[in-house]
Structure formats: structure tokens, C-alpha cells
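Structure first, then comments.
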Amino acid sequence: MNKFENSKKIYNKAIKKIPGGVNSPVRNFGSVDMKYPVFIKKAYKSILIDEDNNKYIDLIGSWGPMILGHNNKKIIKSVKKALKKGTSYGLPTKQEVQLAKLIVENIPFIDKIRFTTSGTEATMSAIRLARAYTKRDKIIKFKGCYHGHSDSLLVSGGSYLLTGEIIDSNGITKKTIEDTLLADYNNKESVIELFEKYKDEIAAVIVEPIPANMGIILPKDNFLQFLRDITKEYNSILIFDEVISGFRIGFTGASGYYNVTPDLVTYGKIIGGGFPVGAFGGKKEIMDMIAPVGNVYHAGTLSGNPIAVAAGIATLTKLLDNQIYIDLEEKQNYITTKLNKLIKKYNLKVCINSIGSLFTIYFGVKKVENYEDSLKADKDMFNKYFKYMLENGVMLPPSKYEAIFLSTCHSKKNLDYIIKLTEEFFISMN
Ligand SMILES: *Cc1c(COP(=O)(O)O)cnc(C)c1O
């Protein structure tokens, strides 16, 4: 059993200087009924090591970026090489063009792309661009989808907004909230109603094509094609927020996987190989509205930072090899098939949603197809599971609403250990 004395000491200092002791709320283990989070000292491959020298099989993967595992040799080499040349210039570099080419030439619907420093900036800018292009104000988002922390997207969000039961963040103007219309994922009727009511006021529909911030939910009955068709019909922009799914469900993300083409796409997480990078891209005629070509403002002192770009190039170059995605999916199939067998064997009310190298285990429910289903999953049972795994050396994302991220570094031995522990927990549930 792991001990957490050093983490506790650091936390007691942290809460005096940093709100909640963390710089992103989901890292606060209060969400899983724990008094303080684990502080991480270092990581390699599939392993995290905390300040008490406990080792964990990491299933968070920094919330997505670490698809090639921690401390990947190629990425570190590329970053070291870049570091020798300085860390930031505030002027353009050849490497930014290289990263842009890597993406534009391999993703058919992207003509042009802009880099940002986070996923939040990418979605915020994509929305602004859609509003400018359509000359309309309102947007549709889906309950439980998370698109970062810009004002108009913090209405009924996923991730920690769900975990912490923050329906809408405080500090957002009424007008902003009014311009964000809410629909239900996998519920076509809810989208049709909004379009019929607001018609030519809707600038864009923004969606996580594979929602991953209320647990993993899969699109049903061609839901994504439906969104493509209805946005076209009403001359609205379709934005796929692929900050998680991009380069994760194959190089071309969910758009490629489901063969549905959005007008704009946003990226983050994997694209920076563990450094702060985001991006938004799409059709030339829309993208060329951005300053300095047009008058839609987007900027960033560290946008396209050379170190982050070096990590991004190393990561995406590696991911051009489609075999990586086949192997990742095989790992996911291996673990979820075994877990599903155990669920049957012990006759448990537990279900698993999975795709590519992502999955979520939902306790207390038989199926999860939408936001309402996800809300019904048993938080207390998940929290018990989290603690059991943590104490035995497996780091799950600390919320029932998050996805498990597998990497190329998870070994069969890692997976078998997770299965064994989960079986012990399943037995204890009866
Ligand atoms: C993480 C995430 C974001 C926000 O990205 P940050 O880099 O944390 O700002 C946006 N959209 C989705 C789908 C995400 O998962």
C-alpha cells in the first residue's frame, strides 16, 4: 500500500499559495474524496513516480498528450536540439511551417492552420472566427462537452465543471450565457429545435465529435453526419473540437474515423507532445479572415513556440505510422474485453465505453449513450475504485467523468496488472 507523507507536506504548503493547491481543478483529489492530491516528481514510459517515490501505472497520460508515453526518446532529442538554439524569438521559424505542413498535408479538409498555446485558445478563436464569418452571435454547444475555459464555452461544461458540480462558472455575463444555446449530444431533436427557433442567428455548432469529458460517449445513428447536414442547411459553421480525439483516434481524428468533414477543427494536447500547444484550422476562405490577412484577431506571444513545435513535430511524425493506432486499439480491446467478461462473470451493473486508445468504466449503470446517462453513473463507487487502484499503484483520472488514456508504452504486463486489481475490486463490490 502506498504512503503519501511527502505529498501531504507539499500540499499543505501549496494551499497557502495556490488556490486549492492546484493549477487546474481536476488535479484536486477532493473530487475522489481524498484530502490532498499526489504530487508527481517524474515519469518515464507508462510510469509516474510521486514525491514519496510511489510508482504508478499512469492512465491519465497528462489528459491526452502522452500518447507515446512519458520521456519519449525521440521527443526529448528533438526538444534538446531546439533548446540549444534558444527558447523563443517572437518571430517566425521554419519549424512552425514544418508542423503546419505535417498537419495540412495529412488532413484533407484543413487548408490552413494557426497555432495557439492551449486548447482553450483554439476553441475560443474558432468561435470568434465562425461568428465573424457568419456575422451571427449565437452558438450551440452540447451539455457535458468541454471546450476549455473561455467564457462562452463554460456553460454546462464537462470535465471539472461536471465533477465539481459547477453548472455555469460565475463571472460570466448574462449576455454571454444567452448566446450559448445548449443541446443534448446524440439527440437530433434537441438540435433541430434550436435551429428552428433561432434560424439565422446561429453562427456555429461546436462539439467534441467523441465526447470525452463526461466520460467517453460514442456518436449514435450518424449523429455527426446529421450535424454536418443541419449546419450546412442553416449556413452555420460546424466546429469539431478534436483537442482530445485529434491524432488519438487515428492521425485524422474523429473526422477521419467517421468520415465527416467539419468547417473548422481545433487541436491541443497531443499536438504539443507534452508542451503547451493548440491549433485551429479549416477552409482557406474562413482561415484567411484572421489578422493580418483579415480583421479577426488572434495572437500569442508564445504561439508556435520553437520548443513546443519541436516536440509537436517529433510526436506527429511518429504518429504518421498508422500501425501505432492499430496497436493502441488492440491494447484497448485486450483490456476492455477482459473487463467486460469480468463484469458478466460477477453480474455487475457496470459498463464500459471505448474507442481507439480511450475508455471509461461507468459504475452503477448498464449503458451510457448521453449526458443524462453519464450523470447517473455511481460516483461513490468510482471513488472507491480510484482509491483502491491508487493505493495499489495505478493512477486513474480522478473523476468518474474522465477518460482513461492508453499510450504506446503500456505493456501487456501493465494491462494484466490493471485487470487483476480491477477484478479484486469487482469482487469486493458484491
Ligand atoms: C482539454 C480540452 C480543451 C482545453 O484545452 P486546454 O489546453 O486545457 O486549454 C478543449 N477541448 C477539449 C475537448 C479538451 O479535452
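Keep in mind the model is a prediction, meaning the values are calculated, not measured. Indexing begins at 1, ligand by ligand and atom by atom, following the structure's order.
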Okay, side chain of Lys141, backbone of Val155: is any donor-acceptor separation there less than 3.5 Å? yes
Take Tyr385 and Phe363 through the ring-ring contact (aromatic ring centres under 6.0 Å, His included) test and state the conclusion after the steps. CA-CA 9 Å; Tyr385 178 58; Phe363 291 90; 5.2 Å; yes
At a 4.0 Å threshold, what atoms of ligand 1 neighbour a non-hydrogen atom of Ile244? 15 (O)
Could you tell me how the ring of Phe4 sits relative to the ring of Tyr36: parallel (under 30°), tilted (30 to 60°) or perpendicular (over 60°)? perpendicular
Quiz question: by atom type and distance under 3.5 Å, do the side chains of Ser357 and Tyr325 form a donor-acceptor pair? no
Has ligand 1 got any nitrogen or oxygen that is less than 3.5 angstrom from a nitrogen or oxygen of Gly119? yes
Closer than 4.0 Å to some heavy atom of Glu208 - which atoms of ligand 1 meet that? 13 (C)
Can you tell me which portion of His149 lies within the under-4.0 Å heavy-atom range of ligand 1? Options are side chain, backbone, both, or neither. neither
Show the atoms of ligand 1 that are less than 4.0 angstrom away from any heavy atom in Ser118. 7 (O), 9 (O)
Strictly below 4.0 Å, N to O, side chains only: are Asp200 and Arg136 in salt-bridge contact? no
Looking at ligand 1, does Glu242 have a heavy atom less than 4.0 Å from it? no
Atom indices of ligand 1, in the order listed, that fall short of 4.0 Å to a heavy atom of Gly148: 3 (C), 4 (C), 10 (C)
Judged by modelled atom types alone, do Gln225 and Asp229 share a side-chain donor-acceptor pair under 3.5 Å? yes
Would you mind running through ligand 1 and noting each atom that sits below 4.0 Å from a heavy atom of His147? 10 (C), 11 (N)
Would Asn213 count as being in polar contact with ligand 1, using the rule that some N or O on each side must be under 3.5 angstrom apart? yes
Do me a favour and list the nearest non-hydrogen protein atom to atom 8 (O) of ligand 1 with residue, atom name and distance? Thr120 OG1, 4.5 Å
Can you confirm if the aromatic rings of Tyr371 and Tyr185 lie within a centre distance of less than 6.0 Å? no
Any donor-acceptor N or O pair under 3.5 Å, side chains Ser236, Thr231: no
Among all protein non-hydrogen atoms, which one is nearest to atom 11 (N) of ligand 1, and what is the separation to 0.1 Å? Asp241 OD2, 2.6 Å
Nearest to atom 1 (C) of ligand 1, what protein heavy atom do you find, and at what distance? Lys269 NZ, 1.6 Å
